[in-house]
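Beneath this line is the structure, given in structure tokens, with notes to follow.
Both backbone and side-chain heavy atoms feed into the values below; hydrogens, waters and symmetry mates do not.
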Amino acid sequence: MAKDFSTREENYSKWYNDIVQRAGLAESSAVRGCMVIKPYGYAIWEKMQAALDRMFKDTGHSNAYFPIFIPKSFFSREAAHVEGFAKECAVVTHYRLKNAEDGSGIVVDETAKLEEELIVRPTSETIIWDTYRSWVQSYRDLPILVNQWANVVRWEMRTRMFLRTTEFLWQEGHTAHATEKEALEETHLILNLYADFAEKFMAVPVLKGTKSVNERFAGALETYCIEALMQDGKALQAGTSHFLGQNFARAFDVKFSSKEGKLEHVWATSWGVSTRLVGALIMAHSDDHGLVLPPKLAPIQVVIVPIYKNKEQYDLVCSKARALEEDLRMKGIAVKLDDRDSYKPGWKFNEYEFKGVPVRIAIGPRDVENGTVEIARRDTLEKEVYQVADLGNKVEHLLHAIQDNMYQKALAFREENTHKADTWREFKDIIENKGGFVWAHWDGSAETEQRIKEETKATIRLIPMEGQSEKGKCIYSGKPSSGRVVFAQAY
RNA sequence: CGGGGUGUAGCGCAGCCCGGUUAGCGCGCGUCGUUCGGGACGACGAGGUCGGAGGUUCGAAUCCUCUCACCCCGACCA
């Protein structure tokens, strides 16, 4: 990594925005805090969707769709949800417009006021559980394993492309189970699925764990999460899986008759990941030359750039290039031949580097003569001349190698930026000067957590899943602790 | 909602403090020619109600008042 992020805030932020714009991923829109996801950015999201959707279906889930509008009263049903849930929501109060009498344009028709306001969903637990009530009578109706791909709106104070926008795209799973055990298993299944996706597809290593009470989802008994480390040393919550207990079933009166003939409330989970993952991808892998995409999520895995001086050479080189393109396509590789005459090779090289295309093949008259091509890999920027024979297999291997290398690189970065702190002074020093994950002892109190946040901006990203039992003293209060938790400044 | 900043060509900016020809520069865009193995070069050309409203003045991008929008930093959060 060539970038120096010692003055983290501004530089990194600028660098990030530059990549989003220059790679053609997104741009800010006319609407405050919303973004336009451009075709290339959306193509990455589609690749993510496809992979996740397959994983959901392979584990028995189905897709469904619920309304974007939720009656305001639904939000009052679950006490903790009401208490803890952000109130920054878009509210629909009227249903008609009219021409202004003074001819100044269109105004809201005040006579068309809704009896009950509708909330543009910030998340769908309430409307879904209201619906599930009628879906569940008996244990035979369970489990319900439903996911929806949707947009949600949260009127955030401060926004950032992909990481936090007013409207964002996501997937939210909402499941109903007969037993606590089964619901917990579902929560873990999804958490592991998310972690697999992050590591195998995004090439981003993640830590798994539970949230502290402060950071827990409003209405959940337990929130499990995956956390990734970005190149500026800040943590990013990449996915959450909530164990909701029977809270929502009670609030929305969702009951079933068990095998034993008893009437019981169902057990619930909810889980989701969003277009924030695109932001994670950018921040985890990009370099000074732009975006770097892992082959498994790259809309274009291989680009072929022909090099030529005149019409004859163009024809010769392109016919060769087309044959290569066909070869690679047969292998199932997403390949693009950029034979546009309106841009020069050097321009194209830079263009595809911004866009993070994993492999670039250049072919010119010299290559045609020698039966070779020049292959450049985006992750290392290395160039090498290959024989054309058996190119399909070579490229296939290369794509795997790049995917693997990107993961290893990100993992090495995380290891380098993971520290242990045993004293308050040490802790503050690491958080303020180095960044990264800090494993430290904590007394388990919300109060201490809050104090630490106020003094260092660092929060508990997660309480590690696998025991990590180690006796120690809280870095802040000095009280006894039974295991380290992971702190970091976060997005 | 607090604190700071910016609005001038599609994009990035200079000019403003200290008012004065026809408002500039870089990139991009168009035409033509030479080029084409790492963002080519030359010539010519198109493109602006200087965010908006009001005021001061012989004269406003520049000074004053109001207003709108966006960005950054906090609080909030996937």
Pairwise [atom1] distance, [M] and [N] [rounded to whole Å]:
| N | M | atom1 | answer |
| --- | --- | --- | --- |
| G3(B) | A60(B) | C1' | 31 Å |
| C50(B) | G24(B) | P | 14 Å |
| U8(B) | A14(B) | C1' | 10 Å |
| C17(B) | C29(B) | P | 36 Å |
| C44(B) | C68(B) | P | 47 Å |
| A9(B) | G15(B) | C1' | 15 Å |
| G55(B) | C70(B) | P | 28 Å |
| G19(B) | G59(B) | P | 15 Å |

Whole angstroms only, please: what is the [atom1]-[atom2] distance between [X] and [N]?
| X | N | atom1 | atom2 | result |
| --- | --- | --- | --- | --- |
| Lys355(A) | G38(B) | NZ | P | 22 Å |
| Arg160(A) | A78(B) | CZ | P | 16 Å |
| Gln237(A) | C76(B) | CD | C1' | 14 Å |
| Glu369(A) | G37(B) | CD | P | 18 Å |
| Tyr16(A) | C72(B) | OH | C1' | 16 Å |
| His289(A) | G39(B) | NE2 | P | 14 Å |
| Glu27(A) | C71(B) | CD | P | 13 Å |
| Phe349(A) | G37(B) | CZ | P | 8 Å |

(message) What I'd like to find out is whether the side chain of Val373(A) reaches to under 4.5 Å of the side chain of Val388(A), using heavy atoms alone.
(response)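 A side-chain contact under 4.5 Å exists here.
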Among [options], which nucleotide has an atom closest to any side-chain atom of [X]?
| X | options | result |
| --- | --- | --- |
| Glu88(A) | A78(B), C76(B), G74(B) | C76(B) |
| Trp347(A) | G37(B), G39(B), C76(B) | G39(B) |
| Glu374(A) | A78(B), G37(B), G38(B) | G37(B) |
| Lys453(A) | C76(B), G37(B), G38(B) | C76(B) |
| Ala362(A) | G37(B), C76(B), G38(B) | G37(B) |
| Asn17(A) | A78(B), G37(B), C72(B) | C72(B) |
| Asp367(A) | G37(B), A78(B), G39(B) | G37(B) |

(message) Once salt bridge (Lys or Arg N to Asp or Glu O under 4.0 Å) is applied, do any residues pair with Glu215(A), and if so which ones, sequence neighbours excluded?
(response)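 In terms of salt bridge (Lys or Arg N to Asp or Glu O under 4.0 Å), with neighbours along the sequence ignored, Glu215(A) is linked to Arg461(A).
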(request) Using salt bridge (Lys or Arg N to Asp or Glu O under 4.0 Å) as the criterion, list what pairs up with Glu447(A), not counting sequence neighbours. (result) Arg451(A)
Describe the nucleic acid contact of [X] in one word from base, sugar-phosphate, nothing, applying a heavy-atom distance below 4.0 Å.
| X | answer |
| --- | --- |
| Glu353(A) | base |
| Leu163(A) | base |
| Thr165(A) | base |

(request) Find the distance between CG (Asp339(A)) and CZ (Arg322(A)) and round it off to the nearest 0.5 Å. (result) 5.5 Å
(message) For the CG atom of Leu398(A) and the CD1 atom of Ile333(A), what is their distance to the nearest 0.5 Å?
(response)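 Output value for this atom pair is 9.5 Å.
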(request) Identify, between Val368(A) and Arg461(A), the residue whose nearest nucleotide on RNA chain B lies closer to the 5' end. (result)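 Per heavy-atom nearest nucleotide, the more 5' residue is Val368(A).
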(message) On RNA chain B, does the nearest nucleotide to Arg22(A) precede the nearest nucleotide to Phe217(A) from the 5' side, or the other way round? Give the residue.
(response)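 Of the two residues, Arg22(A) wins.
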In residues 341-348 of chain A, what donor-acceptor pairs under 3.5 Å come from side-chain atoms, sequence neighbours left out?
from	atom 1	to	atom 2	distance (Å)
Asp341(A)	OD1	Tyr308(A)	OH	2.7
Lys348(A)	NZ	Asp338(A)	O	3.0
Lys348(A)	NZ	Arg340(A)	O	2.8

(request) Check if the side chain of Lys383(A) and the base of G38(B) share a donor-acceptor pair of N or O atoms closer than 3.5 Å. (result) yes
(message) Once you measure the plane-to-plane angle for Tyr132(A) and Trp129(A), does it fall in the parallel (<30°), tilted (30-60°) or perpendicular (>60°) bin?
(response) perpendicular
(request) If the plane angle is over 60° it's perpendicular, under 30° parallel, otherwise tilted; pick one for Phe168(A) and Trp170(A). (result) perpendicular
Please list, for nucleotides 28-36 of chain B, all pairs of protein and nucleotide N/O atoms separated by less than 3.5 Å.
from	atom 1	to	atom 2	distance (Å)
C36(B)	O2'	Tyr308(A)	O	2.7
C36(B)	N4	Lys309(A)	O	2.9

(request) Can you sort out the partners of Glu455(A) under side-chain hydrogen bond (donor to acceptor under 3.5 Å, both in side chains), two or more places apart, ordered by chain and number? (result) Tyr476(A)
(message) Stem finding on RNA chain B, please: runs of three or more consecutive Watson-Crick or G-U wobble pairs, both distances under 3.5 Å, sorted by first number.
(response)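 Paired runs of 3+ in RNA chain B: B:1-7 with B:68-74, B:10-13 with B:24-27, B:29-34 with B:40-45, B:51-55 with B:63-67.
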(request) Could you please spell out the steps behind the salt bridge (Lys or Arg N to Asp or Glu O under 4.0 Å) verdict for Glu27(A) and Lys38(A)? (result) CA-CA 7 Å; Glu27(A) 61 190 33; Lys38(A) 296 168 84 172; 3.4 Å; yes
(message) Checking salt bridge (charged side-chain N to carboxylate O under 4.0 Å, His left out) between Glu353(A) and each of Arg378(A), Arg360(A), Arg377(A), which is the one that passes?
(response)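 The salt bridge (charged side-chain N to carboxylate O under 4.0 Å, His left out) with Glu353(A) is passed solely by Arg360(A) among Arg378(A), Arg360(A), Arg377(A).
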(message) Check whether Tyr491(A) forms a cation-pi arrangement with Lys234(A) (NZ or CZ under 6.0 Å from the six-membered ring centre, at most 45° off the ring normal).
(response)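 Geometry flag: set, cation within 6.0 Å and 45°.
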